[in-house]
A.B. asks: 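This is the structure I want to talk about, given as C-alpha cells.
Values below: every heavy atom of this structure, side chains too, minus hydrogens, waters and symmetry copies. Not measured: the values here are computed from a predicted model. In what follows, every chain begins at residue 1, and chains take the letters A, B, ... in the order their sequences are listed.
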Number of protein chains: 4
Amino acid sequence: MSTTDTQPRRSIGAARNPDSHAAILAAAEEIFCESGYAGFSIEAVARRARAGKPTIYRWWPSKAHLLLDVYTRLKSSRMPDPDTGTLEGDIRSFLTELVRFWSGNTGGVYKSLIAEAQADHKAAEALQAYSIERTQHTAGMFERAKARGEMRADADSLAASDLMSAYAWKLLLTDRLADQADIIDKVTSILVRGLVK
Amino acid sequence: MSTTDTQPRRSIGAARNPDSHAAILAAAEEIFCESGYAGFSIEAVARRARAGKPTIYRWWPSKAHLLLDVYTRLKSSRMPDPDTGTLEGDIRSFLTELVRFWSGNTGGVYKSLIAEAQADHKAAEALQAYSIERTQHTAGMFERAKARGEMRADADSLAASDLMSAYAWKLLLTDRLADQADIIDKVTSILVRGLVK
Amino acid sequence: MSTTDTQPRRSIGAARNPDSHAAILAAAEEIFCESGYAGFSIEAVARRARAGKPTIYRWWPSKAHLLLDVYTRLKSSRMPDPDTGTLEGDIRSFLTELVRFWSGNTGGVYKSLIAEAQADHKAAEALQAYSIERTQHTAGMFERAKARGEMRADADSLAASDLMSAYAWKLLLTDRLADQADIIDKVTSILVRGLVK
Amino acid sequence: MSTTDTQPRRSIGAARNPDSHAAILAAAEEIFCESGYAGFSIEAVARRARAGKPTIYRWWPSKAHLLLDVYTRLKSSRMPDPDTGTLEGDIRSFLTELVRFWSGNTGGVYKSLIAEAQADHKAAEALQAYSIERTQHTAGMFERAKARGEMRADADSLAASDLMSAYAWKLLLTDRLADQADIIDKVTSILVRGLVK
DNA sequence: CTCTAACCGAGACGGTACGTCCTGTCTTCCA
DNA sequence: TGGAAGACAGGACGTACCGTCTCGGTTAGAG
C-alpha cells in the first residue's frame, strides 16, 4: 500500500486490515525520517496514513509500541552479529557496524525509543524486554570466544555484552556516531585486554 | 521562598528577583519528585511557583535548561570522585557511588535530561557540554592510576572514563540501578584487567 | 428475550429474527431509562442487546426511528383520550393525564424525539407525521363538544387541538411537568372560554 | 474583525480579546446559517474563527451557551412586543411577527437551543431562565389589556403568555412557520375569546 | 435435496468531534 | 524595567460514536 495513494482504504470487515497496518507503519517511518521525534505524533501518523486515530490506538497501545514496531521493521538490514574468528575483530566489528547501522534514521528511532521509555512506563517495559533479548543474543559472541579458549572462563559474557552495548548507547545518545573509528579502537582495546586470558 | 506561600511575589523593580528564581527551581524539583518527568511541564512549574510562564521562559530558554539547573542543584551532595589508592577500588567506588547517587530523584532528573536531549536540539547541546565536562573530570581518576604506574600508559584515560560512565548510563536508562553490586563487580573486573599493565 | 442472556442469538435464517428485534427495543428502553438521551447511542444499544450495529441500522434507519419505536412501545399504557361529557372536563383531563403520562420515562423519550427532529431531517418527518396523526385524533374530542352543542361551530377543532397540545409540549420541553395542577386550571379556563358558545 | 481575515489574531495580553470574542460569535453564526445545527461543532467554529478551542471553552462552558449568545446577538432586529391598542391585534401581531422573526436563521438557532436543552442539563437551565424572562415580559402585553378593561381580571396573564408562546414553539418545532396566517387567525380567535370579558 | 439469499453477531475501518492539557508568545498592570 | 497574571492560537492527546463494510456462520425456502 503506497502512502501516496489518495484513495481511502475501506474496511475489509471484522478482521484486521493488513493494508492499514502497513500504511500506518510506513507513514510512521516516513514522518520520523522527515521530521524526527518532534514531529512524530499519533495524529500526524493517522493523517499521513489516511487512518483513523482509533485504528492506531487499537493496535499500538502507546507511541512507544509504534516506535518499537518501526524500529524492528527497519532491522530488515540485519543487526550486527559478527563472527570474525577473533575477539578483537568481533568487538570492533560489532561496534563499527552498530554505529553504521544507527547512522541513518534507525538510530534516531532507537534514541526516541529510549527517550520515550523515560516518560512512559509501558515504553520502559517494552524497551527493557527488547534490550535484554539483544544483550543475551550478543553475549553469544563472547561465548564463542570462550569456546575458542580466547576469553577467560571467569569473565561474564552477559556483563561484557552489556558493557559493550552500553558504550554504543552512549555514542548514540550523545550524538557521537560519526567518525568514531579511533575511539572505537581505544575502547575495543580496553575491552579485549579486559577479557582475554 | 516557600512554595506554600499564598502571597504573590511582586516585582522588585528592574532587576531579577532572586525569590522568583529560587521558587521556580524549588517548584520544579518538587513537581519532579512527586510526578516525575510525565507531570513536569512549564505550566505546572509556573503554577506551583506562583510565577508567570514568561518569567520562566525569560531565564530558562527550554525545559532542558531548567532540568539541568535542577540537576546541578541536587548535586550539593557531591558527585563521586573517589581516590582509594587502587584502580579497582576507584572504579568500583565510582560506579557504586554513582548508582547510589542516582537512586533517589537525582537519577530521574538525569534520565529525563537525556530523554529531553533526544527531542530538543538545545537540550542536546547542554547535555553534551555537561557530559564532556564530567567525562574529562573523571578521566583524572585514570590519570592518577597512570601516575601511580598502575595503569598502562597507552590506555586512553578519556576512553576509559567514557566507557565506565556509559555503563552507568545504561543501568540508569534501563531501570537497573537497584541491587547491582554483583554485576558492578563483574564489569569492574573487566575494566581493571583491560587497563592495568 | 432477556438482556441478561449471555448466549448470543444466532440468525434464524433468511428472515427477521423477532428475538433480536425485541432485544434491541428492550435495550434501547433500558438505556434510555438509565442514562437518558445523553447516553443513548446506537453503539450502546447494540452492546446491551448483544446485537450487531448493522442489524440495528437495517431495521431502524436512524436513531429517531428507534426512539419513535421505543415511544410507541411505551404507549401500551394508553394515551389520554378523555370523554367526560363536558369540554372543561375533557381539556383538564387531557392535560392532566398527558402530564402524568409523560412524567415517567415516556416524557424523556418524547422530548428526545423532538430534539432529534431538530437535527435530523428524517426524524423531523417521522415526528411530524406522528404529531399530525395525534392532533387529528385529539381533535375528535372537540368535535364531540361541537356535537353536544357545547362548542362554537366556527371554532376550529384542529386549531384547538393543536393549541392545547402545544401547551403540553412546552411544559414538557421546559421541565415543568411536576405540580402543574393550578396552571393547568388557568390554561383550561382560557381555552374553555375561548371555545364555548 | 472580519472572519475572512486569514491572518491569525495575536493575544492582546492578560485581558480578554474582544476581537476573538467577536470572531467566534461571527463564525458561529455563519456556520449555523450555512450548515445548520448538524454542522455546528465547537471544532468547526474554532477553525472558522481561527481561534483555539480552549479560548471558546474558556468563555462559553457549553455549546448551548454559545448558541444562546448567537441567538441574543441575532435579536438586534427586536423581538415582537406589539401594542396595537386591542388584545386581538396584539396577539395576532405577536404571533405573526414572531413567526416572521423565526423564519430566517434565528428560528433555527432557537430550535437547536431547545433541542440542546433536552440533552444537556446546563443548556436546559439557560433556556429555562431565558424562557421565563421572555414569558414574563410578554405577560406585560396582557396586563395592558387588563388595564384597558379589555381582558378579564381573573385571567392569568402569565398563563396566557405561556400558552400563546407555546403555540409559537410548536409551530417552530414542527416546521410549520410558513404560510400560517389562517391558522394564526383561528388560534388568535380562540385566545381572544378566552380572555376578553 | 441442494443451493442461494437474507439474516445474524461481531468487530475493524476511516472519520469527526469531544473536552483537556500544554506550548511559546504576547500584553497589561503593578511595583 | 522586571515580574505576576493570564489570554491567545495552535496542536496533540486519548475516547466515544458515527455509519459502512466484510467476515463466517445459520437457516428458510426456492428450484
A.B. asks: How long is the line joining CD1 of Ile56(B) and P of dA4(F), in whole Å?
C.D. replies: 9 Å
A.B. asks: Verify the contact: side-chain N or O of Thr55(A) to OP1 or OP2 of dG14(E), cut-off strictly under 4.0 Å; return yes or no.
C.D. replies: yes
A.B. asks: 5'-most contact on DNA chain E: Lys63(D) or Ile24(A), nearest heavy atom basis?
C.D. replies: Ile24(A)
A.B. asks: Could you work out how much the helix from dC1(E)-dG31(F) to dA31(E)-dT1(F) bends, comparing the axis of its first five pairs with that of its last five, to 10°?
C.D. replies: 10°
A.B. asks: Partners of Ala117(D) by side-chain contact (heavy atoms from CB on, under 4.5 Å), sequence neighbours excluded?
C.D. replies: Ala123(D), Ala124(D), Leu127(D)
A.B. asks: Would you kindly give the CD1-to-P distance between Ile42(C) and dG9(E), to the nearest whole Å?
C.D. replies: 14 Å
A.B. asks: Looking at Lys53(B) and dG6(F), is any side-chain donor or acceptor paired with a base atom of the opposite kind under 3.5 Å?
C.D. replies: no
A.B. asks: Heavy-atom contacts under 4.0 Å between residues 31-40 of chain B and DNA chain F, which residues?
C.D. replies: none
A.B. asks: Between dC8(F) atom C1' and Trp60(D) atom CH2, what is the distance in whole Å?
C.D. replies: 13 Å
A.B. asks: Is the shortest distance from a Lys or Arg side-chain nitrogen in Arg48(D) or Glu43(D) to a carboxylate oxygen in the other one below 4.0 Å?
C.D. replies: no
A.B. asks: I'd like to check Trp59(B) versus Asp69(B) (side-chain heavy atoms, cut-off strictly below 4.5 Å). Are they in contact?
C.D. replies: no
A.B. asks: What is the separation between atom CZ on Arg48(D) and atom C1' on dA9(F), rounded to the nearest whole Å?
C.D. replies: 18 Å
A.B. asks: Are OP1 or OP2 of dC8(F) and a side-chain N or O of Arg58(D) less than 4.0 angstrom apart?
C.D. replies: yes
A.B. asks: Looking at Ser20(A), does any N or O in its side chain come under 4.0 Å of the phosphate oxygens OP1/OP2 on dG14(E)?
C.D. replies: yes
A.B. asks: Tell me, which pairs form a ring pair (Phe, Tyr, Trp, His ring centres under 6.0 Å) where one or both residues lie in residues 24-52 of chain A, sequence neighbours left out?
C.D. replies: Phe32(A)-Phe40(A)
A.B. asks: Return each pair, listed once, that meets salt bridge (Lys or Arg N to Asp or Glu O under 4.0 Å) where at least one residue sits in residues 112-121 of chain A; pairs must be two or more places apart or across chains.
C.D. replies: none
A.B. asks: Roughly, in whole Å, what's the span from CD in Glu43(A) to P in dC21(E)?
C.D. replies: 17 Å
A.B. asks: Find which nucleotide of DNA chain E each of Pro54(D) and Ala46(A) is nearest to by heavy atoms, and output the residue with the more 5' nucleotide.
C.D. replies: Ala46(A)
A.B. asks: Quick one: Asp19(D) CG to dA7(F) P, roughly how many Å, whole number?
C.D. replies: 16 Å
A.B. asks: Between Arg47(D) and dA17(E), does any side-chain N or O lie under 4.0 Å from OP1 or OP2?
C.D. replies: yes
A.B. asks: Does Trp59(C) place a side-chain N or O at less than 4.0 Å from the phosphate oxygens OP1/OP2 of dC8(E)?
C.D. replies: yes
A.B. asks: I'd like to know if the side chain of Thr72(B) reaches the main chain of Leu68(B), judged simply by a donor and an acceptor atom lying under 3.5 Å from each other, with no hydrogens or angles considered.
C.D. replies: yes
A.B. asks: Which whole-number value in Å describes the distance from Leu66(A) CG to dC13(F) P?
C.D. replies: 11 Å
A.B. asks: Would a 4.5 Å heavy-atom cut-off, applied to side chains only, mark Leu67(B) and Tyr71(B) as touching?
C.D. replies: no
A.B. asks: How far apart are the C-alpha atoms of Val70(C) and Leu113(C), what are their side-chain angles, what is the distance that settles it, and do they pass the side-chain contact (heavy atoms from CB on, under 4.5 Å) test?
C.D. replies: CA-CA 10 Å; Val70(C) 170; Leu113(C) 206 43; over 6 Å; no
A.B. asks: Could you state the atom-to-atom distance from CG of Asn17(A) to C1' of dA12(E) in whole Å?
C.D. replies: 8 Å
A.B. asks: Quick one: side chain to side chain donor-acceptor pair (under 3.5 Å) partners of Lys111(A), sequence neighbours excluded?
C.D. replies: Asp175(A)
A.B. asks: Taking the side chain as everything from C-beta on, heavy atoms only, tell me whether Ile24(A) gets closer than 4.5 Å to Glu29(A).
C.D. replies: no
